Amino acid sequence: MLTPSMIFHNGCVHTVDLHDTIVEALAISNNRIIATGTNEAITAMAADDTQRIDLGGRSLIPGILDTHAHAVEVGLFLKSLFCNGIPSIKDLVDAVAEKIAVLPKGAWLQGGCWIETQFSENRMPTRWDLDPVSPDHPVVIERIFSTCVANSCALHMAGITRNTPDPVGGTIERDSKTGEPTGILHRSAKALVRNIMSTGTDTGSLAGSSVAEIRALAQTAMQAFVAYGITGTLEAGVGPDMCRAYHDMHRSGDLLVRTSLMPNWYGFTITQNMAQMDRLIGEMGFYTGFGDEWLRLSGLKMAIDGGLTSKTALKSWPYLGGDPPGPVPLRLDLEKLDSWVKSAHDAGWSVGIHVMGDIAIEKAVNAMYQAHVANPANRRHQVIHAYYPSADSLAKMKQAKLVAAVQPAFIYGEADGYPNLLPEDKQECFLPLRTYLDAGVIVASSSDTPSAHFNPFWGMYAAVTRKGMQGHQLGTREAITAIEMLRTMTINGAYMTEDDHFKGSLEPGKAADLVMLDRNLNETPDESLKDITVEKTMIDGKFVYEKIGST
Ligand SMILES: [Zn+2]
């Protein structure tokens, strides 16, 4: 029998095996888990030179898998200003001041991912909020969708005054009394400031950035991820430059977090050459699962509709206050969806399809289900976002083992805005985790960061309490338990990315990817789940994060 190089004992070890077994202790040998069991059994295995870590009653969980994320974009915002999760305009202004303190005079500060319903003030920030801390720096901060706020310095540089007319397809928001621009720019009006900024990662845009810059951004994000216990991620939507950046990182041994790549496919036509993509899946011989334990190919990413809060979801029921005029803009040709999915499925690829509305889900599920029935190969297709499944979709998802790739983090980040957007019954059944689990559908949770914050314990809190950041609750009917949620954040994500043979649970033979929490998860009240922090994160047997002062 192997002698452990390290043991963890005296804790609450959530193995997340088939039966959610909890044990007291775990042993690893270098980069692999070799045993789990009682304190007595595991400590008896230890030799003189075995390192011992006393968990002190705290939880040890499998490494968290954020299986739908945009790490490179997160890196971009972390480098500038990442606003998701900032609870008030006052805190936002403080964060701006902190960033500006280290910028040379006149340099741009760019940031993003705020949404007014996360702020306790429950309004959009204006130039007048930002100006006191930014008299000499142009500041532009993007909202999550199609709106930004600029400070007076940026408006001045862009030549925007009370006399500037609204551009076609956009609005310069103005103070109702004075007519002065408030700094809020909607849709095409954003270009008025965008156009005077140069491109490149220094100004918060990925357009025109080099492979080396992309690589640096991914590394920035990964450093942040490991502090939250994230040991594996899926980069949802990559083109050639991102693939190259990740490959470079892997080759030089700098890939901090295990990564699956999801190439952009139909629905992302802006950046992709479709003829090339067809060739890639049909002729080159690569398909889902290609790679090693650090860098692997996942499914092809497709998209049918837009966003729920941007009112571009393909659905059968109306928003509160009505829908925008005209049909929902679709991101691919629905007539061809079935044949595209089948061609990918038959070539060995799984696909992941972004679907927001109930009609979009049904189309995606049907295409995947038909491909499965015609060829019952082991594909792990992803129904991404999947807010409103029908009974028929649930049954097909179960039968074809389709994964609901969902983001409870959106409940935390956006639910406070739903009373103005969704009828009450549609709030209650939004992202129906209870229904999915009861129907036997495999659920993999992720953050879709930067659209939500990547703190996985905020997602866990939201799955259990159904509450947003400012406390609005979407009923309790669809709530699940923290232990159920943990499965969706670990082993189920590994299943989805075809990694469950070596990660996702704490079982002998699997990789030593594990996370020590600051408390015992089983004894944590629901309201405190959002406050859980990580003491240590281990990937492949090495500590990649240790909280200062952690024992
Ligand atoms: Zn996404």
Side-chain angles (χ1 to χ4, degrees), residues 64-78 82-85 112-113 115 142-146 206 214 217-218 221-222 224-225 230 232-239 242-243 246 257 259-272 297-310 312-314 329-332 350-357 360-361 364 380-388 402-414 430-431 443-456 458-459 462 488-489 493 496-497:
I64 292 164
L65 307 175
D66 195 343
T67 48
H68 186 111
H70 304 273
V72 175
E73 275 181 62
V74 170
L76 192 64
F77 288 119
L78 289 175
F82 185 44
C83 303
N84 218 318
C113 302
I115 181 161
E142 299 272 343
R143 188 179 179 272
I144 284 178
F145 289 108
S146 62
L206 276 181
I214 292 172
L217 295 175
M222 288 181 180
F225 288 173
I230 296 166
T233 184
L234 177 149
E235 182 72 69
V238 297
M242 271 202 212
C243 284
Y246 276 104
V257 169
T259 302
S260 295
L261 299 176
M262 216 177 171
N264 284 326
W265 207 35
Y266 291 99
F268 296 89
T269 48
I270 311 148
T271 55
Q272 291 298 321
L297 275 180
S298 177
L300 297 167
K301 192 181 180 203
M302 306 174 78
I304 292 180
D305 58 352
L308 190 69
T309 52
S310 59
T312 48
L314 184 64
L330 294 182
R331 292 162 72 175
L332 51 69
S350 59
V351 297
I353 310 184
H354 164 118
V355 282
M356 289 278 171
I361 295 188
R380 300 173 185 187
H381 300 304
Q382 311 170 22
V383 189
I384 301 171
H385 307 311
Y387 296 154
Y388 294 107
L402 310 181
V403 181
V406 297
Q407 295 75 32
F410 285 148
I411 296 177
Y412 192 68
E414 295 183 357
F430 172 78
L431 221 172
V443 174
S445 291
S446 54
S447 69
D448 199 8
T449 190
S451 292
H453 196 281
F454 44 84
N455 182 343
W458 288 358
T488 77
M489 297 155 69
M496 186 177 89
T497 55

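Both ligands and their constituent atoms are indexed starting at 1 by order of listing. These figures come from a predicted structure and were not determined experimentally.
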Do [X] side-chain atoms and [Y] backbone N/O form a donor-acceptor pair below 3.5 Å?
X      : Y      : answer
His354 : Gly306 : yes
Thr233 : Asp66  : yes
Asn264 : Lys301 : no
His385 : Gln407 : no

Inset, instruction - Look at the aromatic rings of Phe225 and Phe454 and report parallel, tilted or perpendicular, splitting at 30° and 60°. - result: perpendicular
Legend entry - Atoms of the protein (N/O/S only) found under 2.8 Å from the Zn ion (ligand 1):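 Atoms qualifying: His68 NE2, His70 NE2, Asp448 OD1.
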Inset, instruction - Apply salt bridge (charged side-chain N to carboxylate O under 4.0 Å, His left out) to Glu142 and list each qualifying residue two or more places apart in sequence or on a separate chain. - result: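 Salt bridge (charged side-chain N to carboxylate O under 4.0 Å, His left out) list for Glu142, sorted by chain: Lys190, Arg194.
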